[in-house]
Amino acid sequence: ADSDDQLNDNLQQDGTCADVHAPLLSAESCYHDNSNHDNRATFRLEEAVEFMGFGRFQIMMIFFMGMFSMVFVGMLIFSLPFGSLADRRGRWPVLWMSAFGVSYFGFLTTFSPTYMWVLVLRTLVGVSFAASPQGNTLLMEFLPSKFRAKVAVTFQLFWAAGSTLEIMLAYLVVPTLGWRYLVAFSCVPMTVVLLLYRFIPESARYCLAAGQRGKAMGVLNRIARMNRTTLPPGTLVKSAEAPRGTLKELTHRKYRRTLLQDMLLWCGVGCLYYGIILVSSEITKSKQSCWDGDPLPQGNDTCACKPLTRKDYTTMIVATYGEFLQLPINLVLVDLIGRKFTLGVNLALVAGFYFLLNLCTTPAWVTFFVFGIRAFSAGSMNLVYLYTTEFFPTTVRALAIGTCSAVARLGAMLTPFVAQVLLNQSLSHALYVYTGIALVCSLTAFLLPYDTKGRALVDTSLERNNEVT
C-alpha cells in the first residue's frame, strides 16, 4: 500500500498526535513511529498489546461492548455474511450497522399496525443483531492474554444485568402502558451506543491484516496514551498477506475439525441456554403435582395465551440471578485448568442439573437446580466465545464467530420443540433430551484438539504453523 506508506512517512515527519480525547475513529492521524528509540528493533502487534497492558482503554471497550449485548431467523441467516464482511471491511462498520439497525427497526416496531408487521420488523432487528457477536471479537482483539479469559467470563455480567433490567422494565411498563412502550424504551441503550460510537476504534489487528499499518499504529498510540503507558521500542512488523473472510480459508484442513466441533458446541449451548429460559415456569407448574400430591393433566394444553402475573415476573428475575453464580468458579478454573476443560466441566454440570430436575423434591431444590443450569449454560456460552476467538486467526476470526453464531441461533430455534412441545407431553422426556445434549457437548469440549490457554492471538494461518490439528 503505497498510499499507506506515504501516510506513515508524512506523519513521522510531522510527529504530531491528536488529543487523547479526540474521536478514536481518526486514529491514523495519531500515528507516531517509535523506531527512533532503536533503529534495529521491531515488535509485533501482539507484543504491543501485551506491553501496554490493561487500562482505561480496555475498560472503555468493555463498557461499550457490554451495552451492545443489552429474533433468531434474521440472526441465523445473516450471522455468516456479517462475519465475512467484518473480516473483509473491518469490525467497526459492521458493528455500527448492527447498532443502527437494532435501534431503528426496534423503534419502528412500536408503530406496527398488524401482527405481520411485528414479525417483519422483529426479523429485521434479528438481521441487524446478527452482527453483534463481532463486538466480542473486537473486544478480545484489544485484550492482553492474561486478562482475556477473566474479561470473557465477567462479561456475562452485562448480559445478566441487561436481562434483569428488561424483565423489571416489562413488569413496570406492560401492565400499564402496553408492549409498544416496552419496545420503545428497550431501544434507548442502543441509541446511546450509537451516539457514543465515534469513540470506538477499528481493530488494530484487522488494520494490520488489511495492510493498513499506519492506522494500526495510530490505534496503538492512542491506547498507549489512554492507558498512560508506551509502545515497545522499535517498528511495528507487518503481518504476512493472507485472504480475509473467505470460507475456503476457514474450512482449511488445519481448522476443519475444530470448526465442526465448535459448531456443535455453539448449537448445543444455544439450545441448552434458551431451553432453561423457556422451561423454568413450566417446570414449576409440572412439579406442583409432586409438591401437593394432585396429578396434573397430561397431553395437549388448549388454553390460550395468558398475561404474565407478578409471580411470573418474579420467577424470571430470580432465575436470571443464577447467571451470576458461575462467575467466581469460572474465573478460577479458566486459567487454572484451561478453556476446553472448564467448558467441559460447565456442560457436565448442566447435564447433571437437568437430570436432577426429574427428582420429586422440594421447591427449594428445584430452584437450586434451575439456578445451576442457568449459571453454567451461560458460562458455557461465554467460554465457547472465548475459545473460538482465541483459536482462529484475525483473517477469519469474525467469519468463524459469525458462522458459529448462526449455528447457535439454529439451536435456539429448535429448543422450543423440546421445551414446549415435548415437555407438554412428558417433562421427563424433555429433561432427558437436554441432559443428552449437554453430555454430548461436554464430551465434544474435552475432545477439542488443544487448549488456547496462554496462547497469543495470531493474525494469519501462517503464524499458526503446526499447532492446529
Side-chain angles (χ1 to χ4, degrees), residues 62 65-66 69 132-141 143 145-160 163 258-277 322-354 371-392 397 400-405 407-409 411-412 434 437-455 457:
I62 292 171
M65 295 305 106
S69 296
S132 64
Q134 304 311 326
N136 184 280
T137 305
L138 182 63
L139 173 62
M140 293 296 113
E141 290 180 339
L143 293 174
S145 58
K146 67 177 181 179
F147 292 100
R148 201 178 297 133
K150 295 179 178 64
V151 171
V153 172
T154 55
F155 199 60
Q156 180 65 26
L157 287 171
F158 286 94
W159 182 272
S163 300
T258 304
L259 177 63
L260 291 175
Q261 289 181 259
D262 249 4
M263 292 171 66
L264 176 60
L265 286 168
W266 280 70
C267 183
V269 171
C271 182
L272 295 168
Y273 177 77
Y274 291 105
I276 192 59
I277 293 176
E323 298 192 17
F324 296 96
L325 298 181
Q326 50 85 22
L327 291 177
I329 299 174
N330 283 339
L331 277 173
V332 174
L333 291 181
V334 73
D335 282 326
L336 181 65
I337 63 175
R339 280 54 159 158
K340 73 172 190 176
F341 291 110
T342 304
L343 176 57
V345 169
N346 273 247
L347 289 166
L349 289 171
V350 171
F353 285 125
Y354 263 120
F371 260 51
I373 297 171
R374 188 71 180 262
F376 293 106
S377 59
S380 299
M381 183 70 77
N382 275 353
L383 290 166
V384 293
Y385 262 109
L386 175 63
Y387 186 89
T388 305
T389 301
E390 292 185 325
F391 181 86
F392 291 96
R397 185 173 295 124
I401 291 290
T403 302
C404 293
S405 178
V407 177
R409 304 315 138 195
Y434 282 125
I437 293 173
L439 286 174
V440 170
C441 289
S442 178
L443 180 62
T444 302
F446 285 123
L447 294 177
L448 284 168
Y450 76 92
D451 205 319
T452 58
K453 173 189 171 183
R455 295 179 182 266
L457 295 183

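Keep in mind that the numbers below use all heavy atoms, side chains included, and drop hydrogens, waters and symmetry copies.
Once rounded to the nearest 0.5 Å, the distance linking CD1 of Ile373 with CD1 of Ile277 reads 12.0 Å. Rounded to the nearest 0.5 Å, atoms CZ (Arg409) and SG (Cys271) are 12.5 Å apart. Atom CG of Leu347 is separated from atom OG of Ser380 by 3.5 Å, given to the nearest 0.5 angstrom. Atom OG1 of Thr452 and atom CG of Leu386 lie 5.5 Å apart (nearest 0.5 Å). To the nearest 0.5 angstrom, Gln261 atom CD is 6.5 Å from Thr444 atom OG1. Distance CZ/Arg397 to CG/Leu138: 11.0 Å, rounded to 0.5 Å.
Applying the salt bridge (charged side-chain N to carboxylate O under 4.0 Å, His left out) rule to pairs touching residues 372-382 yields Glu323-Arg374, sequence neighbours excluded.
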* Asked: Can you check side chain to side chain contact (heavy atoms under 4.5 Å, CB included) on Leu265 and Leu448, steps first, answer last?
  -> CA-CA 10 Å; Leu265 286 168; Leu448 284 168; 4.1 Å; yes
* Stepwise side chain to side chain contact (heavy atoms under 4.5 Å, CB included) check, Arg455 with Tyr450 -> CA-CA 11 Å; Arg455 295 179 182 266; Tyr450 76 92; 3.0 Å; yes
* **From CA spacing to verdict: side chain to side chain contact (heavy atoms under 4.5 Å, CB included), Phe392, Ile401** => CA-CA 9 Å; Phe392 291 96; Ile401 291 290; over 6 Å; no
* Are Phe371 and Phe353 close enough, and set up right, to give a ring pair (Phe, Tyr, Trp, His ring centres under 6.0 Å), and what steps lead you there? -> CA-CA 9 Å; Phe371 260 51; Phe353 285 125; over 10 Å; no
* Going through the checks in order, is the side chain to side chain contact (heavy atoms under 4.5 Å, CB included) test met by Tyr387 and Leu343? -> CA-CA 9 Å; Tyr387 186 89; Leu343 176 57; 5.6 Å; no
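Here Thr388 pairs with Asp262, Trp266 under the side chain to side chain donor-acceptor pair (under 3.5 Å) rule; sequence neighbours left out. Residues passing the side-chain contact (heavy atoms from CB on, under 4.5 Å) test with Thr342 are Asn330, Leu333, Val334, Ile337, Asn346, Leu383, sequence neighbours excluded. With sequence neighbours excluded, the residues satisfying side-chain contact (heavy atoms from CB on, under 4.5 Å) with Val332 are Leu336. With sequence neighbours left out, Arg148 forms a salt bridge (Lys or Arg N to Asp or Glu O under 4.0 Å) with Glu46, Glu390. The side chain to side chain donor-acceptor pair (under 3.5 Å) test applied to Lys150 returns Asp335, not counting sequence neighbours. The side chain to side chain donor-acceptor pair (under 3.5 Å) test applied to Thr154 returns no partner, not counting sequence neighbours. Every residue two or more places apart in sequence or in another chain was checked for a side chain to side chain donor-acceptor pair (under 3.5 Å) with Ser377, and none qualifies.
Each of Met140, Glu141, Lys146 was scored for a side chain to side chain contact (heavy atoms under 4.5 Å, CB included) with Leu143, with one residue passing: Met140.
A donor-acceptor pair under 3.5 Å is formed between the side chain of Ser442 and the backbone N or O of Gly344.
Minimum interatomic distance between Cys267 and Val407 (heavy atoms only, all atoms of both residues): CB-CG1, 3.3 Å. The two residues Tyr273 and Met381 make their nearest non-hydrogen contact at CB-CE, 4.5 Å. Contact record, Gly454 with Arg339: N-NH2, 4.4 Å, taken as the closest heavy-atom pair.
Looking at heavy atoms from C-beta onward, Val153 lies in side-chain contact with Gln326 at the 4.5 angstrom threshold.
Ring planes of Tyr434 and Tyr354: parallel class, angle under 30° (limits at 30 and 60°).
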